[in-house]
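Encoded as structure tokens, the structure appears first; notes follow it.
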2 protein chains.
Amino acid sequence: MPEVDQIVAARLRPLGQRLTPRRRSLLEILRSARHPLTIHEILERGRGLAMSSVYRNLTVLEQAGLVHRVITREDFARYELAEELTEHHHHLICSGCGLVRDMPTDVRVERVMRSVMAGMPADVFTPQSHRIDVMGMCPDCVQRRERATQAKGGG
Amino acid sequence: MPEVDQIVAARLRPLGQRLTPRRRSLLEILRSARHPLTIHEILERGRGLAMSSVYRNLTVLEQAGLVHRVITREDFARYELAEELTEHHHHLICSGCGLVRDMPTDVRVERVMRSVMAGMPADVFTPQSHRIDVMGMCPDCVQRRERATQAKGGG
DNA sequence: TTGACAATGAGAACGACTCTTATTACGATT
DNA sequence: AATCGTAATAAGAGTCGTTCTCATTGTCAA
């Protein structure tokens, strides 16, 4: 995808950074993932990457606005492509297993959030962006819980 | 506030936990704070608390649904009273200094979030709650940045 | 008072992440 | 193509928030 390379290199250059093979493969790994990845998942998918390089390069790519560090209740971070390279979206977070899935954008939500942010007085806060997480259970964890309840109730 | 004590004890009992002096003072510290507190802020305010006890008791209180662990981009957690003891609310997070402030509930936002969550198919996700953070700049950081820009442009 | 068990606190252990440093790769200049 | 300056890399040590361990203390019930 040479077009993406253009965007990426253009974002890196002002920071005095290059688009190196490591960084290219990090971006490719994140692009091919269906959900935000942990460092360990990234290491699995990119054989031969040094952990310190992965951390360093993800930091660089984040500063360039190309990668977004996703914060969850897990005690480690996850990474995904920034919205400039994908689409604005939010997250579904399973409180059972910690799974993070992308949630499709909802026009009504975005409209009302835009309105709320625009209506905020500058002497209170100057909004730039927003993040929405819906917490709940993924289908697997719902099933797991149902089975556990049945086992208890039935025995 | 003996009424709160009732609620608190009732939430703790099913877990086989008591409302101890430590836990009472933790709740009081959180209640008297205007924003979610870090462990260190809690230790400052509650002289004589052991750090390990603070961590342990906050975990217990969180399991009892009385305290909420707030996740930010800072690399440490913050704690606040759970919504059962306060009000449903969201957060303004300053990307300059990390300050977290409560954002008053907006009826339109809640309505549309409720609708989105209710409309989610069960084979995709079973929503339980949501979290919204508005990222941006607090007035102090806006000023700081303006001064910095002026100094550069004017000098 | 005594027994059972929860609560406490000091510090060790854990793990995610960052920093240090020596080495290697790249781009521009001759 | 050789050289030089700088960015990039990787291994491992270091940092620090958080959790675990365990010996001791507090609390409730009989």
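In what follows, chains are A, B, ... by sequence order, proteins preceding strands, each numbered from 1.
- Residue-level contact check: B:R56 touches the bases, meaning some heavy atom is under 4.0 Å from a base atom.
- Here D:dA7 presents its P atom at 16 Å from CG of A:L19, a figure rounded to the nearest Å.
- Across all strands, B:F76 comes closer than 4.0 Å only to sugar-phosphate atoms, never to a base (heavy-atom distances).
- Between the CG atom of A:L15 and the P atom of D:dT6 there is a distance of 18 Å, rounded to whole Å.
- Atom-to-atom, CG of B:N57 to C1' of D:dT18 comes out at 15 Å; the value is rounded to the nearest Å.
- At whole-Å resolution of the value, CG in B:L43 and P in D:dG17 are 11 Å apart.
- Checking A:H130 against A:E110 by side-chain atom types alone, a donor-acceptor pair falls below 3.5 Å.
- Axis orientation changes by 20° from one end of the helix from C:dT1-D:dA30 to C:dT30-D:dA1 to the other, with each end axis drawn from 5 pairs and the value rounded to 10°.
- B:H89 places a side-chain N or O within donor-acceptor distance of the main-chain N or O of B:E87, the cut-off being under 3.5 Å.
- Protein chain B touches strand DNA chain C; the 5'-most and 3'-most nucleotides with an atom under 4.0 angstrom of its non-hydrogen atoms are C:dA6 to C:dG11.
- Under the 3.5 Å distance criterion, with hydrogens and angles disregarded, no donor-acceptor pair is assigned to the side chains of B:T72 and B:R78.
- For the pair B:R18 CZ and D:dT25 P, the interatomic distance rounds to 17 Å; values are reported in whole Å.
- Atom CD1 of A:I71 sits about 9.0 Å away from atom CG of B:D75, to the nearest 0.5 Å.
- At a threshold of 4.0 angstrom between heavy atoms, the contacts of B:T20 are confined to the sugar-phosphate backbone, with no base atom among them.
- Nearest-nucleotide positions on DNA chain C place B:G16 closer to the 5' end than the other of B:D75 and B:G16.
- Of all nucleotides listed (D:dA8, D:dA10, D:dG26), D:dA10 comes nearest to the side chain of A:A50.
- Using a 4.0 Å cut-off, some side-chain N or O of B:Y55 falls inside it from OP1 or OP2 of D:dT18.
- For the pair A:R73 CZ and D:dG17 C1', the interatomic distance rounds to 16 Å; values are reported in whole Å.
- Each of B:L66, B:V67, B:I42, B:V60 was checked for a side-chain contact (heavy atoms from CB on, under 4.5 Å) with B:L26, and the lone residue meeting it is B:I42.
- Atom CZ of A:R24 is separated from atom CG of A:L61 by 12.0 Å, given to the nearest 0.5 angstrom.
- Minimum interatomic distance between A:C141 and A:C94 (heavy atoms only, all atoms of both residues): SG-SG, 3.6 Å.
- Checked by atom type, the side-chain pair A:R56/A:T59 shows no donor-acceptor distance below 3.5 Å.
- When all heavy atoms are compared, the tightest approach of B:L43 to B:L49 is CD2-O, 3.5 Å.
- Residues A:H35 and A:E41 have side chains that never bring a donor and an acceptor to within less than 3.5 angstrom of each other.
- Whole-Å rounding puts the B:E74 CD to D:dT18 P distance at 10 Å.
- Nearest-nucleotide positions on DNA chain C for A:A77 and B:S52 put B:S52 closer to the 5' end.
- Whole-Å rounding puts the A:M51 CE to D:dA13 C1' distance at 15 Å.
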